[in-house]
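Single-structure report; data block below.
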Amino acid sequence: MVARSALSRLAPVLSNARPAARRAALQAARGYATADSEQHTMTVRDALNVAMEEEMVRDEKVFILGEEVARYNGAYKVTKGLMDKFGEKRVVDTPITEMGFAGVAVGAALQGLRPICEFMTFNFAMQAIDQIVNSAGKTYYMSGGNVPCPVVFRGPNGAAAGVGAQHSQDYAGWYGSIPGLKVISPWSAEDCKGLLKAAIRDPNPVVFLENEMMYGVSFPMSAEAMSDNFLLPIGKAKVEREGSDITLVAHSKMVTHSMEAADALAKEGIKAEVINLRSIRPLDIGTIIKSVKKTNRLVIVEGGFPAFGVGSEICAQIIESEAFDYLDAPVERVTGADVPTPYATNLENLAFPDTAVVVKVAKRALYRTN
Amino acid sequence: MIRLPSVARGFSRRWTTRGLASAAGKLPNSNSPIVSKLKYFNSVTGSDELIPTFRVLDGVGKPLEGAEIPEIDENFAHRLYENMQLLPTLDNILYNVQRQGKISFYMTSHGEEATIIGSAAGLASDDEVFGQYREMGVLLWRDFGLDNVMNQCFGNEADTSGKGRQMPVHFGSTEHHFHTISSPLATQIPQAAGVGYALKRTPGRSSRSIAACYFGEGAASEGDFHAGLLLASTIPSPTLYIARNNGFAISTPSTEQFYGDGIASRGPGYGIDTIRVDGNDVLAVLAAVREGRRSVGHHSTSDDSFAYRARSEVEDRKRIDNPIARFRLFMESQGWWNAEAEEELKTRLKADVMKAFKKSETLKRCELGELFTDVYGGEEPWNIKEQREELTGLLRKYGEVWEPWRTELAKFKNNGQDLLKR
């Protein structure tokens, strides 16, 4: 029984084993600029790691806790090397009780520290959701502004690969509905670095939703993003690609599919604008409204279930706004299938949006049949 | 009560001194002696006896033979007694106020006066306290004051705990080192471990301050209790856990809440130093808490005075063995108290409580705009601003011309002008 449950927790890690050569390349990317013209790249994993390291250097009050974060370097190696640098007092391995260590994180934040609470995946954070929603999310308001709770809850969110229904769920909509929480769902390495650093410095509880499939993906990093003072504003979306024919809005891994879809559409002369949400709450609806007024068509792409999700919310806010009058086609949502995630690879692949589906739906919104 | 642990140290101390020289050796990851006799066990005392209950004063306030009276002087005894008497005075009035519908909720401290006041008196005044909701006495002991109590219960403009945003008795005061009460049961138990951890890392407070966490024996059925004790002992964290066992989780008797030797038996299971204390004996509670926090940084408590008592027994006990009466008899035996002092105190406390109640009842609610403040610290997000602007727009349109709104606005400090004049 014990062995089996331990395995079920480690399953995502096992499926994520990466070749050593790749890892060496990642480490090289950790170096700082030697010349301004040099183009840096960094994986999402390293960007998260660097963000935590820099903030821990900057502020003694920042510490990390969670399962396997210290000696094992994190189930996905996101906290790699941090225990060696900062010691076991600031990188704390805990027993396997999300309710317990999330509660410890909340208590430490209420007492003035700035904890980063890593969940092995947000699927397990449901054990701790009362601490996140009822305690972290509401104490500042209920204490009349007397007691802030500056905690970051982070870990992989959304579907991974081959880990079944209980490990494959997107919680953006769940936490996104709670006043008092800030919710971030980054895509690129720059997003991860700038937003995680901003989350750690934010005086509010922040839910930081990573994606396991993105950890090993490399992105270019600007010189600015390599600086240890690089912060991105929470609550602001980024227009990743400008276009005039249709707006594709996405977050996390779905930005990749939307960017690829925009490339494919461009070959047919369609100029898609791609908006990377970055933050779920506060939601930057202004950027979407502005884009829709320009393109007159909106497709929202997400990895979560369709009902009561991020796409539903954006759709509702758009039709409540002046952008409604600019729409030339119904708003389309591209989402995960409305079933518990299947385990069989072929079915799992069908259960989540890919680039081809985004292209197809975008064309539908443009009333193009081929 | 349970004192928090020096897990590693506690274990090795306890288990290596017991002489493990066994011919069969031991298992690789354990100091557990190997035996050849098959025997199940179901006791933490090492024998079949129940965990004993610590008591200093008997039912009529006489020290037990061999009992050590904790160091208190006459003034301190007076302060203990006055605070114990203040609780039923407040309870009687606020319980009735709640029955009249003037406040939405109330929780009494009946029968728990000695547990709350005795433990409050054993803590340092800046130890960080997490309550469940029956720990108003801790705040009273720390001079929170009756006005603050009443203002919180009425949720008026003078409510320092939370600007009227919490149900009655959900107090909080950073000044008094009392964390804001959370309604969901037992969430404070792991949080207290986090506070203890933070104290350990706070210059000037490590090895001086502790976190003290109260909960009822009903809350000890929540997963948070087990998770919290586990975390407090493994991190480890200087936290004192105080389980108030009044015999009931709302209406379910303890006998249906847990099986085994009460809440206290859970403590050693987590490697936590534990004591069971007679919660009707203020001096026993005081002594146990003082001792518990003395070795700060390493130790947690379950006050199990009412374990395994069915309802009728508890009620008999309330009449026969009242914690206040027991301490009064002790005070009288010391020559520190008499009937005249009793009369004077009761009259004074009632007058004080009524005065605070009347003053608080007439105060207005916080400014209407406070509806939107403190959702977030730092820069205010657009969705909060938008809602404030929408309400302001509606107020401008209807606020002064429509009678129901005019009446309603008059209940708020500044009559909604804080929004209207923006």
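Below, each value reflects all heavy atoms present in this structure, side chains not excepted, and no hydrogens, waters or symmetry copies. We name chains A, B, ... by the order of the sequence lines, and we start the count at 1 in each one. Please read these numbers as outputs of a predicted model, since none were measured by experiment.
Nearest heavy-atom pair across Ser143(A) and Thr180(B) is CB-OG1, 3.4 Å. For Ser161(B) against Asn146(A), the heavy-atom pair with the smallest separation is O-ND2, 3.8 Å. Across every non-hydrogen atom of Val375(B) and Asn204(A), the tightest pair is O-OD1, 4.4 Å.
For Lys138(A), no part lies near chain B; criterion is any non-hydrogen pair under 4.5 Å. For Pro148(A), no part sits under 4.5 Å from any heavy atom of chain B, backbone or side chain. Looking at Asp224(B), the atoms closer than 4.5 Å to chain A (heavy atoms on both sides) sit in the backbone and in the side chain alike. Interface remark: Thr373(B) contributes backbone atoms only to the contact with chain A (heavy atom separation under 4.5 Å). Proximity to chain B (any heavy atom under 4.5 Å) is restricted, for Leu181(A), to the backbone atoms N, CA, C and O. With a threshold of 4.5 angstrom between heavy atoms, Ile235(B) approaches chain A through side-chain atoms but not through N, CA, C or O. Only the backbone of Glu370(B) comes within contact range of chain A, judged by heavy atoms closer than 4.5 Å.
Inspection of the Thr187(B) and Gln131(A) side chains reveals no N or O donor paired with an N or O acceptor under 3.5 Å.
Inter-residue side-chain proximity for Met142(A) and Lys163(B) is flagged as unmet; no heavy-atom pair is nearer than 4.5 Å. When side chains are defined from C-beta on, Thr139(A) does not count as touching Ser182(B), because their heavy atoms never get closer than 4.5 Å. Under the 4.5 Å side-chain criterion, counting only non-hydrogen atoms from C-beta, Thr94(A) is not in contact with Thr234(B). At a threshold of 4.5 Å between non-hydrogen side-chain atoms, the residues His226(B) and Met99(A) do not count as touching. A 4.5 Å side-chain heavy-atom check between Trp382(B) and Ile285(A) finds at least one atom pair inside the cut-off. Side-chain contact check for Leu371(B) versus Tyr141(A): some heavy-atom pair is nearer than 4.5 Å.
Between chain B and the residues Pro203(A), Pro115(A), Gly180(A), Gly145(A), the largest count of heavy-atom pairs under 4.5 Å involves Gly180(A). By number of non-hydrogen pairs under 4.5 angstrom with chain A, the leading residue of Ser183(B), Gly378(B), Pro184(B), Ala211(B) is Pro184(B). Per-residue counts of heavy-atom pairs under 4.5 Å with chain B were compared for Glu88(A), Lys61(A), Arg90(A); the largest is that of Arg90(A). For the set Ala227(B), Pro190(B), Pro381(B), the count of heavy-atom pairs under 4.5 angstrom toward chain A peaks at Pro190(B).
Around NZ of Lys364(B), the count of heavy atoms belonging to other residues, nucleotides or ligands within 6.0 Å exceeds 12. Counting heavy atoms of neighbouring residues, nucleotides and ligands inside a 6.0 Å radius, atom CD of Glu175(B) does not exceed 12 of them. Heavy atoms of other residues, nucleotides or ligands lying less than 6.0 angstrom from CD of Glu390(B) number 12 at most. Heavy atoms from other residues, nucleotides or ligands lying under 6.0 Å from CZ of Phe324(A) number 12 at most. Annotation: Lys385(B), atom NZ; neighbour count of heavy atoms from other residues, nucleotides and ligands within 6.0 Å is above 12.
Within residues 105-113 of chain A, the residues having any heavy atom less than 4.5 Å from a heavy atom of chain B are, in residue-number order, Val106(A), Gly107(A), Ala108(A), Leu110(A), Gln111(A), Leu113(A).
Between Cys149(A) atom SG and Gln191(B) atom CD the span is 7.5 Å, to the nearest 0.5 Å.
Formation of a donor-acceptor pair under 3.5 Å by the Arg201(B) side chain with backbone atoms of Glu60(A) is found in this model. Formation of a donor-acceptor pair under 3.5 Å by the Tyr140(A) side chain with backbone atoms of Asp374(B) is not found in this model.
Remark: aromatic rings of Tyr197(B) and Phe63(A) are close, center separation under 6.0 Å.
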